[in-house]
Structure formats: structure tokens, C-alpha cells
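Following: one structure in C-alpha cells, then a few remarks.
In what follows, chains carry the letters A, B, and so on, assigned in the order in which the sequence lines appear, proteins first and then strands, with residues in each chain numbered from 1.
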Amino acid sequence: MSATIENLRLLLESSSPEPLRERISSGCVPLNQLLPDQGFLRGSLVEWLGSEVGSGVSSLALLAAREACQDGRTLVILDRDGQFYPPAAAAWSIDLDNTIVLYPQDAQDESWALDQALRCPHVGAVLSWPQQLTSHTFRRLQLIAERSGCIGMLIRPSTARREPSWADVRVWVSPKPLQRPNSLGNVSWQLSAQILRCRRGVGDSEVTFEINCQTGEARETHRSSMVTPLAGTTAGSHEART
Amino acid sequence: MPLAEATALTSRRTPSHIEEHDPCSDQQALEKVARRCHRFSPLVGCEDMDFPDTLLLDITGVTPLFSNEATLVEQIQRSFKRWKLVARIGIGNTIGVAWARTRHVKDADDLDNLSITALRLPELIVHTLFHLGLTQIGDLRPISRQDLQERFGPILLKRFDQFFGDTPEMINPVLPPENFIVEWELDYPLSDEVAIRGIVKHLLERLSFLLSRRARGVLQLECLFKCQQVREIIQVRLFRPSADAKHLQEITQMYLTNIHFPAAVDRVCLRALQHAPLAQHQKELFDVEPNRQDSLQIAALIDRLAGRLGHHAVVQYQLHHEAQPEMSYRVRPIVGKRCPVKYSIRKTNNASGLGLKPLDRPLRLLKDPILLKVLGTAANGLLTRFQYHGCQYQVTHHWGPERIETGWWRKRGICRDYYQVETERGARFWLYRCLAHESWFLHGVFD
């Protein structure tokens, strides 16, 4: 039985070669250098995990979403809590005229809206803060994104780290305290991004960078060179890992 | 009058209501009045201006039906009074003269003596003409047409000629409303939901046919189900006009899933409450179809989302120049809106207009600021330790204050000192000290 399944899997893999997908910058140069494709690929799900409240995880996800919509595609934001603050997004150069914001009432509506938005090929990126995602839903979303070419930015709480994931890239974001006090006019923010898993594997696993408050640009301050085990390389071998 | 001045003039005891100027709604209201005026003239239109406020009625050959012009004017005034509207009416041989008579001397026969403002000119040109001492229409006659053209452009001569009837001026008609209604009377009341959906599907096909014939698409659709004594009504709003039966069925079925019929249905009626012309596209030599397909896909997505989440749950944001953080943007639902193209030119919607840089504001702003439990303060009164959601945070760095104050022009003014603080683990929060109560609030999280 297991041999048959394995044969079928090999057959599927050989019959449906992975199409060449467009690379999208993550909007953060140090993070790009950490990723095997120097960014994310269209048609993928990126799971962003924040270590704590105020970790800057949403800002990094928004930057990546902005890059995915540079060619005029629409950005869809699912704001279930109603806490998304548009002037802050506009300050990060988000085109609000090309952004649709949804207010789902409950988790069911949120999941449905996420599904619908990801299906639309003209949507560049979908930004969402789902608290809970079942493995079944996650897998469905991943297949939808793969088919439409849309990028799903899923911002999850730190507790989701222990849950299985179907995301192509999993990024753990944690803030780092500033070593030196800055003057009022020179506020920068030090963050650390760690790639927990990536579909095509990674060399460096963690990078620390500083975001300049004036320009929004990120400058690398430290990189660790740990080599992490690589994840599977084909859609067929996308098993959920913890 | 600026809003601040108007607010200051209102009494403190009298509650004031502030409504944003909506030229699109103004236009729609004027068109509504124009349609009512078809009882006085077969050709009624709005003046061709950016912000029209005048109705134009062609009464050529109509006056005998009302005995004379005075009776016609009297009847129009009576009707407007009944509609609780005040109208100034002017009759003239040209649109320009009639327009001038509504604003100036009604029975002025000597048109040359009328003020230059009667020519419907832009304010800047009127100001310049007054500055040059040309205050009456007749003052323009001695000046050569070439000079006027060179100095003021074509608009002055155009209006001058239209005023005296030397150049024809057309009335852009507001057509009487077209009603698109389809209904199904049942001999026997029906309670089977599948069968009712089948009827709706059939009616939608008929409605789409009617709309397509007139090259119009529905923007707002009313579905009425008469359940014996009770009426159930659902209103379907769309992002862009559609006469596509399949698309309308898909959206309507979503709304139908949320409806429960209290009794068997004996009548189903569908009515296009709001409809607009369908977009027409010229075939292109080169392939630009993908762009159009993309926008159609987005429109279909928005309709589906609004169908399930509700039209208030699918929005766009418009930045607003306002110091108070929670009031610095406006939420605009994007379905079921009909707006003339000339109003779709949006205001600048970027943060540079607000003078914001990245990290100036948090990405998450709490709807209601949370009163913080202060665990420690420095000698200068700044917060050093606080508790939020059961966790204790030690402030290691802070930037600020940024004073945000809104006061005398608003009933509930604020006076806050905002600080961006960093905790010992590097997390960032946006706090403020309320100067009125000397208490600390969490207003945003740099997430």
C-alpha cells in the first residue's frame, strides 16, 4: 500500500513540474539575503510569527505585501479586530487607493474571505491575522495561492509556532533592545528575523537589522550562520512540520 | 465659511451636526428634483458646471398648456413649496438670460446693464474684469473680440455669445427614470427554498435581459418576497453595474442563505433600485484585454465579499488632515455607490500629505485607548514601568513628547502628550499622557 502511494506521489511530481514563479522582494534587504530566492515567490503563503506584542511582525509583513502590489495589483487586508491604522500604512508607502480592507465578523467569515481573496489573480497580496488555522484550511489556502499567484501574508501569534504549517516560508520576528539611546530625530528599530522553515531551504537562519524611521530602510547589523535542515522541495512533499 | 468658524458660532447648548460635503449626493439630489420637473417640461436638465445648482427647463411651446408664463411660474413655485424647497425662477430667450434673471433683476430688459457676474464666468475672470472696471455686460462691447480672447481665453466670448443667443447652448437632459421590475405571482404559496431560488434565478435572467437591452447594469437590487402577510426584503449592492445574470445569481444566492422565510412565499419581485450605464469597450488592435479582465475580477471579488460580509465590511480608507490620530482617516464603503466620473478624481491619499514617516505611527491603533496600570515613574513624571494585558513592561527608551491638542473648535477636545516607548525586550508601544487627568493610556502597538 505504502509503495503504491509512493509511486503515485512520484508520478504526480513528474507529471506536474513546478511552474516558474515570479520572485517578489520581501521589502527588507537583510531578510531577502536570508531567503534562497532573494525574496518570496508569487503563489505562496508566508507565515509571520511575532515573538510578542509590539514585535514589528505586521510591519515586515506589510512591507512584503507592498512589494507584491508594486505592479498595480490590489492589496486586501482582513482586519477582524478593526485595529489596522491606515495613516501608518500610508507612511510605509502603501497605496490606500489600491487597498481593500475587510471587516469579517468571526473566524468563519475571515477564513472564507481569505479563501476568496487568495483566489483572485489580480490580488497581489492578502494580509491577515488569523488566530487559528486548521491544517486542512491551511493546506487549502496554500493550494489556492499556488494556483492564483497571490501571496498570502499570515500574521500569527507566537503560540502558532508549535502548530503544523503549510506555509512556504515561516518567519519568526522578535524585537531587539537598542544598545544605545537615540536622539528624538533618529529613531531606529532593531528587529531580528529568523527563518523557521523555507520550501527551498536556507543557509543563514537569522538576521538582525535596524529600521531607519526616516526612510524605512533596513540595515543589517548581525547575522548568524547556522545551517538549518532543509524542507522538502516539491509541492507533493509538503508535509506539515512543527 | 470654514468649519472651525461655523462650529464656534453654534451655541454650546445647541448640538451641532457636521456632515462632509458630498458633491456626488448633491448631484443625485438635483437630478431627482429634475425628474420631478418633467411635469412642467419634456426637456429638463442640470446646468453644465462642476458643482451644478441650477435646473434648466425648455418651455418652448409649453406655456399655452399652463395658459401663460406667469401661471407656469406660479405652479412651479407651488410644487417646490410642497416639496419643501425654495426656488428662484427666471425665464429668458437664452439659458444665459434665464440664469441671470434668477440671480439678478428679474425683469431687466436692458441686458447690457446687467452685472458681469450674470455671464456664468469663473470667479477669477470676474475678479479680473471688476479690477479692470468692466462691471457690466455692456462694458465688453467696445473691446475687440480678439483682445478679449487673448486676455481671458475662449470662455468669456463663449458665455457672452450664449447670453445673447449668438451661439446655441444645449440642455443636457436628465431622463425620466426607467423602472426595471420583474415579478412572479404564485398560484399556490411555496415553501420549498430550492424552488424559490429557482424562481429568483429565472427572474434574474429576465431582469438581466431587460437591463442589457438598455445597456444598463444594476447597482442596487431589491428582492421582495411576500410571505402571505409578511414581506421579506433583501437589498443586494454591487461594486460596479452588472447585467450578467450568472454574476447576479451568484451574489443574490449569498444573500438568500441569510434569509429565513417566516411563511410560504406567494410573490417574488425583483427591482433594480439603482442602475447605471454598462461600461462599453472598444476592441483594441493590441492585447490590452488582461487589464480589463483584472478589474472585472476585482469587481466580482468585491461583490462576492460584500454579499457575504455585508457592504459595510468591504471598505477603503481616505486619509484626512486631522491631528487627532483616531480621526485622521475616513472609512468609505465601496459597493452600491454611483458617482459621476468627474467626482472620482480622488484627493491625495498618501502619508506625505500628513507629514508622517515610517515608525511615526503604530500599525495597530486601539479603538479605545487602554488606561495603563502605572508601576513606576521617573522624577520627571515619565513612565518607567507599566502593566498591560497581565504582563509587566520596563521602559528602557522613549521618544517624545509629541503634543496633540484639539480644543476650542470641538466639543470634546483632547490634550495629550504622545510617547513612543521601547521596553527592555525591544517591543514598541505608543502611549500618551492625558494632560487633563495626568493618567497614562496605551493607544497603539508597533506590531
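- Contact of B:His389 with chain A is not made at all, since no heavy-atom distance falls under 4.5 Å.
- A:Thr215 touches chain B through its backbone: at least one of N, CA, C or O sits under 4.5 Å from a heavy atom, while the side chain does not.
- A donor and an acceptor atom, one from each side chain of A:His122 and A:Arg73, are nowhere located under 3.5 Å apart.
- Note: B:Arg308 leads B:Arg308, B:Glu424, B:Glu422 in heavy-atom pairs under 4.5 Å with chain A.
- Aromatic ring pairs are classed by plane angle as parallel below 30°, tilted from 30° to 60° and perpendicular above 60°; the pair B:Phe441 and B:Tyr432 is parallel.
- Residues A:Trp48 and A:Ser58 bring no donor and acceptor atom of their side chains to less than 3.5 Å of each other.
- Checked for salt-bridge contact, B:Glu402 and B:Arg361 meet the test: a charged N lies under 4.0 Å from a carboxylate O.
- In this structure, chain B has heavy atoms under 4.5 Å from both the backbone and the side chain of A:Gln108.
- In terms of heavy-atom pairs under 4.5 Å with chain B, the best-connected choice from A:Gly82, A:Ser174, A:Pro104 is A:Gly82.
- Options A:Gly216, A:Ser55, A:Gly56 differ in how many heavy-atom pairs under 4.5 Å they form with chain B, and the most are formed by A:Gly56.
- Within the 4.5 angstrom heavy-atom criterion, no atom of A:Ile77 approaches chain B.
- Here B:Pro325 is the residue among B:Ala300, B:Pro325, B:Cys391 with the most heavy-atom pairs under 4.5 Å with chain A.
- Aromatic ring centres of B:Tyr419 and B:Trp440: separated by under 6.0 Å.
- If you check the side chains of B:Arg304 and A:Gln116, you find a donor sitting under 3.5 Å from an acceptor.
- Of the atoms belonging to A:Asp81, it is backbone heavy atoms, and not side-chain ones, that fall under 4.5 Å from chain B.
- Between B:Tyr393 and B:Phe429, the ring planes lie perpendicular to each other; the angle is over 60°, past the 30° to 60° tilted range.
- For chain A, the nearby part of B:Leu301 is the side chain; its heavy atoms alone come within less than 4.5 Å.
- Using a 4.5 Å cut-off between heavy atoms, A:Gln105 does not touch chain B at all.
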Can B:Leu256 and B:Arg197 be said to form a side chain to side chain contact (heavy atoms under 4.5 Å, CB included), step by step?
CA-CA 8 Å; B:Leu256 286 175; B:Arg197 282 169 188 239; 4.1 Å; yes
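- Of the atoms belonging to A:Thr99, it is backbone heavy atoms, and not side-chain ones, that fall under 4.5 Å from chain B.
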